[in-house]
Amino acid sequence: MQTVLNLLEVEPIRLLISFGAVLFLVLNLAAILTMAERKVSGYIHLRYGPNRVGPRGLLQPAADVFKLFTKENVSPGRSDLWVFLGAPIAMFIPAALVWLVVPFAPDAVVADLNVAILFFVAITSIGALGVVMAGYGSRSAFSLLGALRGAAQMISYEVPLILSLLGVVMLTGSLSLVDVVQAQGDTIWTWYFLPQLPMFITFYISGIAEVKRVPFDLPEGESEIVGGFMIEYSGMTWALIQAAEFASMAVISAITVTLFLGGWQPPLPFLDLGPFNWVWFGIKTALIMFTFQWIRWSVPRLRMDQLMDLGWKVLVPMTLIWLFVTAGLMLLFPSLGA
Amino acid sequence: MGVMQQFNEPNLITTSTDKLFNWARKNSLWPLQFGLACCAIEMMSTGMAHNDLDRFGAGFFAASPRQADVMIVSGTVSTKMAERMTRLYEQMPEPKWVIAMGACAISGGPFLDGYSVLMGADRVIPVDVYVPGCPPRPEALIFGVMTLQKKIERDQQVGYERPLPALVDEDGTINEYLPEREYTGISEGKAPRLEGIRPLKRTYVFEREGMPPAAQTDVGWVPPEVKKRLKEEAKARKAAEAEASGDGAATKTEENA
Amino acid sequence: MLGEERRAEHEGALTEPPSSRLVSPDIRDEFGLETIDMNMGPQHPAMHGLLRLILELDGETVVRCDPVMGYLHRCQEKIAENRMYPAVIPMTDRLDYFANMHNEHGYCLAVEDLLDVEIPPRAEYIRVLMCELMRLASHIPSIGFLMLELGAFTPILYAFRERERIQSIFEAVTGARMMFHYIRIGGVKADLPPDIPQKIWDYIESLEAHFQRDFVDLIQDNEIFISRTRNVGKMSQEQAVEMGVTGPALRCTGVDFDVRLDYPYSVYPELQFEVITDTAGDVEASYRVRIAECLQSIQIIKQCLEQMPEGEVLGDTGRRIRPAEGEGFGRVESPRGEYAVHVVSDGSDTPYRVHYRDPSFCNMQLLQEIVPGHYLPDIMPIMGLIDPVSGGWDK
Amino acid sequence: MALTLPEGDLQTRLERYLEGLDNRHGLEESEIVDGVVRIVAAKGDVPAVLATARETLGIPHLSFITVVDRQGTFELTYELIDLRGATVRVKTTIEGDEPVIGTVTGVYPTANWHEREAYDMFGVAFAGHPDLRRTYMWQDHFDHHPLLKSFEISTKRTFEGLR
């Protein structure tokens with residue numbers, strides 16, 4: 001037993017095992033989130049949602065996954081096969097990779113990089129590549145439009161997303177996510193979402209845009225371009241795209257919690273659970289994801305030009321102004337900085 | 001499924017995987033979002049809050065045929081639509097099922113006499129479950145979905161003989177197996193023409209400028225000079241044909257001689 | 001008018017006319033720009049049935065839009081020629097399947113025009129009552145469909161909850177949920193069951209109580225809804241009248257044409273109601289017209305229930321309906337606009353010719369007029385503005 | 001923007017329409033029956049009559065065009081309404097096996113699809129129509145005009161067969 005625990009201390013083995021655990025979590029997360037999505041939508045729609053498969057319908061995602069496993073995998077006759085089949089993988093890998101730097105608890109992080117925020121920014125922006133590959137590979141007017149929309153949207157919203165991170169980086173003075181969480185302290189009013197409120201809102205909105213959910217789901221646009229870039233995918237490739245979407249949604253929630261809502265820190269000092277502080281992280285992430293779903297079922301979709309207006313004319317100026325305000329305040333009161 | 005089909009008869013592996021996959025398939029039947037006519041409204045009602053089809057795991061109406069498992073043919077199928085419907089059916093990945101909802105999709109229903117109405121969806125695609133009614137109540141459609149679930153439960157990968165249509169004697173013995181209906185024809189091109197009706201002469205095809213190719217086969221009114229030219233061309237063609245057939249007859253007689 | 005202040009507040013937010021987005025073909029050639037052809041439909045989630053649009057797109061801007069119909073052509077007019085007069089009524093149910101009662105009513109009016117039959121006043125009131133319930137059951141889902149096509153999923157479920165309740169009333173009265181065959185030549189099939197007037201009254205009261213909450217407060221002031229619908233599908237009065245548009249799509253431009261008032265039929269002259277108009281002529285205006293018309297329908301239903309006389313419900317038409325040679329016309333205001341029927345009789349017991357003027361068919365001509373210049377996603381709210389029904393335009 | 005709809009008493013308006021049309025064109029029949037101006041015009045006059053109705057008399061709306069196949073002749077009914085209670089019904093008859101009549105799309109743009117429908121169902125050609133395609137049927141699959149009386153569908157359901 002002791003040897004096994006010692007083995008965990010050895011760096012490459014620890015990394016591999018913890019990465020395996022994270023991958024397992026991510027893959028299951030997609031299933032759990034589809035179920036949550038259907039249940040939440042059910043309650044918003046005044047209906048039950050799945051309740052026949054297993055207790056209270058909890059085995060529904062299992063049925064969906066096994067069905068998709070055995071579904072025929074169609075690729076259109078004129079598609080660019082390698083690009084077509086590579087796209088879901090190119091979408092899934094970045095979504096899963098970002099989990100490497102998410103700190104679940106003080107010691108529970110796969111890789112505590114000192115450039116974790118840069119890593120997050122770099123990896124998420126690869127996701128747009130997968131969308132473009134899917135749209136191009138499918139050879140369909142609908143998916144091409146979806147891919148163009150997706151690329152434009154994800155690249156545009158990358159800018160406010162990164163700019164809104166900078167306030168936190170300035171306050172912390174570090175690019176490590178563990179440092180960011182530790183700098184926020186264990187009381188709810190010292191978390192960064194209060195001093196950085198405009199940045200928090202910007203990050204939240206551009207986060208929704210980054211993961212392509214309503215009201216920013218233009219690349220999919222079910223009632224316009226019938227699923228957009230994923231219109232031609234079936235079976236497992238489609239499931240992989242869905243898994244990537246849900247994983248990236250979860251990762252954006254997790255990063256929001258880490259940067260602005262104090263990560264694993266309890267809201268008040270006496271609620272400190274010690275080694276079980278990851279429960280706080282889980283609760284906060286779930287809450288953010290619930291708000292994503294709440295928005296999903298409540299508002300209509302924007303149009304492309306309005307989306308660009310919002311991104312470039314509202315969010316970017318707002319973050320830039322607040323960046324200068326933060327910098328000025330830090331110059332005036334040096335105690336603010338870490 | 002290639003691995004499984006190497007077994008000649010059912011064994012432990014095939015039966016247990018059958019159980020798992022049939023359970024998964026029957027509990028996750030995603031219908032294609034394919035509303036044809038009046039029945040589509042009742043199909044929508046079925047998916048809505050009062051009759052919540054999502055309870056059975058069948059509530060995700062897939063807009064793209066690639067992600068759908070079951071096609072609910074909800075309404076009258078016109079001959080113009082039959083080709084599109086067949087194409088949609090072919091675009092769906094295996095395994096796939098079809099529910100014919102309503103009298104029109106079963107037999108043509110009240111529009112049976114119509115000149116552009118297909119007498120039942122099963123003339124072009126194989127149908128698994130028929131739900132009668134005009135339109136069927138949502139409860140009836142839910143019953144149809146549950147019937148389909150029972151059918152899927154019986155499915156086997158190996159050792160399952162599909163029941164063939166047969167002529168059966170009074171005592172129940174099978175007299176003669178009938179050939180299976182082949183579903184070809186419509187998706188390859190043309191819908192079956194109505195027979196026994198004299199084609200009228202007052203239609204002409206012409207190409208319209210500035211229209212995409214898909215719309216160019218439609219008919220338009222033709223100015224008289226073009227009409228004249230078309231008539232002359234047809235006459236010339238007919239004359240050429242007559243000449244050719246005359247030649248053919250001549251050669252034939254020569255051969256006989 | 002609902003939300004008039006907010007409109008003033010937002011004025012000038014989107015003043016660019018859609019046609020200015022179009023690049024002229026010369027410029028396109030000069031810069032080597034290419035357009036793409038795209039087929040939308042017939043199987044498409046937002047096409048209200050089986051409509052195929054051949055689109056030419058310049059980026060996301062629609063250059064040309066060509067609707068292709070006929071995917072649900074069910075030979076209604078030919079079949080009607082081969083059936084006896086009463087046997088055509090169930091076929092008209094299947095024309096515009098969101099306005100079944102109005103279709104029956106229009107056809108019966110046309111045949112009664114041929115026959116000169118006396119219709120009992122109670123039957124007239126029941127007809128109007130049922131038609132207005134049908135209008136509610138059509139307008140409320142059409143608001144839901146508009147939102148569904150904009151990407152919000154929830155309103156359609158709330159709308160169908162109301163439709164389900166109205167359908168249960170229909171089922172109690174007529175025995176069917178959708179295809180009623182209730183309005184007959186000379187009256188209606190049967191009297192209302194004794195407890196139904198009270199049930200309708202209770203339902204209408206409850207609908208009035210939560211209508212504002214479910215369909216106005218939830219939608220009207222949503223910033224995204226406003227930006228997606230304001231100045232989208234904008235048309236002038238001349239344009240609308242020229243293209244033969246009727247119904248809410250015409251009234252949202254400000255032309256107060258309503259068959260119920262201008263070409264009065266049945267007992268509408270005895271009832272008090274307003275013609276709802278709006279001035280903007282865009283999708284948002286049509287939404288507001290539909291909302292206000294629902295409230296008017298509620299008022300009409302209440303008046304019908306209060307004023308309904310006792311008596312017979314089916315006039316005497318004889319066992320075999322065989323009108324003299326001639327022509328009959330019927331015109332009603334269906335939820336989508338002016339629905340007219342022209343019946344030609346040759347003295348036999350089958351009509352010689354039946355022609356339906358369906359509002360969906362005529363209103364759809366707007367598509368090729370107003371869609372060019374809009375962005376691709378704007379087609380969906382414009383379909384919501386016209387709100388056509390497949391069975392109607394294809395007959 | 002604002003569109004002016006005809007005003008005044010219904011009866012005076014009807015008389016004005018009747019007079020206006022009667023004075024300008026040689027009509028075969030013209031009368032007022034039950035609040036409807038009923039007019040029978042020669043085939044060639046129809047576009048001109050409708051142009052007068054729209055341009056001079058200001059009747060804004062063409063409701064529908066009905067074609068009736070009288071086996072040998074075709075009877076066309078143009079129903080115009082002024083959106084305020086008055087109706088003008090213009091009838092005409094086309095002889096012959098290949099009916100042709102002038103289009104009214106220039107006068108009433110809404111006639112576009114009505115004429116396409118009439119062409120599809122009856123084969124009545126409208127000379128000068130900008131886009132005379134079939135609306136419902138396909139040329140590839142179907143080369144009949146189905147509403148002609150010469151085109152028969154399988155069953156005719158009347159009392160005649162039952163008694």
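Quick note on labels: first sequence line is chain A, next is B, and so on, each numbered from 1. Basis for what follows: all heavy atoms, side chains included, without hydrogens, waters or symmetry-related copies.
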Next item on the list: Examine whether an atom of L68(A) lies under 4.5 Å from a heavy atom of chain B, and if so say whether it belongs to the side chain, the backbone or both; otherwise answer neither.
Entry: side chain
Item checked: Region of D52(B) in contact with chain A, defined by heavy-atom distances below 4.5 Å -> side chain
Margin query: Is D69(B) in contact with chain A via its backbone, its side chain, both, or neither, using a 4.5 Å heavy-atom distance?
Written below: both
Check: Would you find a donor on one side and an acceptor on the other, under 3.5 Å apart, between the side chain of E232(A) and the backbone of S140(A)?
Finding: no
Item checked: Contacting region of L20(B) [heavy-atom separation from chain A under 4.5 Å] -> side chain
Notebook entry, point to check: Can you say whether A62(B) sits under 4.5 Å from chain A via the side chain, the backbone, both, or neither, judging by heavy atoms?
Noted result: neither
Next item on the list: Let me see the working for M81(B) and L36(B) under side chain to side chain contact (heavy atoms under 4.5 Å, CB included), right down to the final yes or no.
Entry: CA-CA 9 Å; M81(B) 194 60 203; L36(B) 274 169; 3.7 Å; yes
Margin query: Could you tell me if N73(A) and T237(A) have a donor-acceptor pair between their side chains, going purely by distance under 3.5 Å?
Written below: yes
Checklist line | When F142(A), F69(A), Y233(A) are compared by non-hydrogen pairs under 4.5 Å with chain B, the top option | finding: Y233(A)
Notebook entry, point to check: Any chance CZ of F60(B) has more than 12 other-residue heavy atoms, nucleotides or ligands included, within less than 6.0 Å?
Noted result: yes
Margin query: Tell me whether R213(A) is salt-bridged to E37(A), with the criterion being a basic N under 4.0 Å from an acidic carboxylate O.
Written below: yes
Item checked: Closest-packed option against chain B by number of heavy-atom pairs under 4.5 Å, given Q60(A), H45(A), M230(A) -> Q60(A)
Check: Looking at D80(A) and R139(A), does any basic side-chain N land under 4.0 Å from a carboxylate oxygen?
Finding: no
